[in-house]
Amino acid sequence: MRTLKVSEKNRDFFSQVYQVVREIPRGRVTSYGAIAKFLGSAGSARMVGWAMNASHKQIENIPAHRVVNRNGILTGKHHFNPPEKMIQLLEFEGVIVKNDEVRDFDKVFWDPIIELDIE
DNA sequence: ACGTTGACCTATA
DNA sequence: GTATAGGCCAACG
């Protein structure tokens with residue numbers, strides 16, 4: 001269990017999303033909804049998507065390819081350039097993607113609610 | 001200021 | 001198994 005320290009500056013929703021996404025280990029994935037729920041705003045999963053959409057503007061690298069929807073489908077691949085990049089990144093880390101869907105999703109799923117503690 | 005738009009999710013049929 | 005509906009709420013035009 002790792003503890004996430006949220007400083008005064010990083011209190012806004014987007015920053016918190018980025019901090020969680022950065023904690024996803026190599027070869028594991030999580031879902032938009034899981035992040036939203038972890039941050040206390042379940043039902044705002046679409047905002048997590050928005051955060052990913054804006055993640056390329058961030059200075060630090062955000063492993064947005066490790067975030068998929070709750071069925072393990074790579075719904076966000078069209079926002080990568082090229083779209084195949086997302087699959088390549090995942091498979092490079094050992095995640096097997098078949099037909100835009102993560103294989104053994106339940107096994108590689110990384111749940112921030114279990115793995116992270118917020119401070 | 002306001003209507004529309006989503007890298008979503010749950011529920012229901 | 002698919003389909004449709006409603007809620008969500010920040011950002012964009």
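Letters go in sequence order (proteins before strands), and every chain restarts at 1. Just so it is clear, the structure is predicted and the values come from calculations on it, not from any experiment.
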Measure from the side-chain heavy atoms of [X] and tell me the nearest of [options].
| X | options | result |
| --- | --- | --- |
| A/Ser44 | B/dC8, C/dC8, C/dC12 | C/dC8 |
| A/Arg70 | B/dC9, B/dA7, C/dC9 | B/dC9 |
| A/Met47 | B/dC9, C/dA10, B/dA7 | C/dA10 |
| A/Thr75 | B/dC9, B/dG6, B/dC8 | B/dC8 |

Rounded interatomic separation in angstrom, taking [atom1] from [X] and [atom2] from [N]:
| X | N | atom1 | atom2 | answer |
| --- | --- | --- | --- | --- |
| A/Met52 | B/dG6 | CE | C1' | 14 Å |
| A/Leu90 | B/dA7 | CG | C1' | 13 Å |
| A/Asn71 | C/dT2 | CG | C1' | 13 Å |
| A/Ile73 | B/dC8 | CD1 | C1' | 12 Å |
| A/Lys37 | C/dC9 | NZ | C1' | 19 Å |
| A/Trp50 | B/dC8 | CH2 | P | 12 Å |
| A/Tyr32 | C/dA10 | OH | C1' | 17 Å |
| A/Tyr18 | B/dA7 | OH | P | 14 Å |

- Message: Walk me through whether A/Tyr18 and A/Met52 qualify under side-chain contact (heavy atoms from CB on, under 4.5 Å).
- Response: CA-CA 8 Å; A/Tyr18 296 142; A/Met52 293 304 99; 4.2 Å; yes
- Message: Give me the atom names and distance for the closest heavy-atom approach of A/Pro63 to A/Val21.
- Response: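 Heavy atoms of A/Pro63 and A/Val21 come nearest at CG-O, 3.5 Å.
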- Over all atoms of both residues, closest heavy-atom pair of A/Met86 and A/Phe80: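 Taking A/Met86 first and A/Phe80 second, the nearest heavy atoms are SD-CE1, 3.6 Å.
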- Message: On DNA chain C, compare the nucleotides closest to A/Phe14 and A/Arg46; which residue's is nearer the 5' end?
- Response: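 Comparing both residues, the 5'-ward one is A/Arg46.
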Heavy atoms only, 4.0 Å cut-off, all strands: where does [X] land among base, sugar-phosphate and nothing?
| X | answer |
| --- | --- |
| A/Lys57 | sugar-phosphate |
| A/Ala36 | nothing |
| A/Asn69 | sugar-phosphate |

- Query: So A/Thr30 and A/Ile35, side-chain contact (heavy atoms from CB on, under 4.5 Å) or not? Walk me through it.
  - Reply: CA-CA 8 Å; A/Thr30 192; A/Ile35 295 171; 3.9 Å; yes
- Task: Answer yes or no: are there more than 12 heavy-atom neighbours, outside A/Arg22 itself, under 6.0 Å from its atom CZ?
- Result: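 More than 12 heavy atoms, drawn from other residues, nucleotides or ligands, come within 6.0 Å of this atom.
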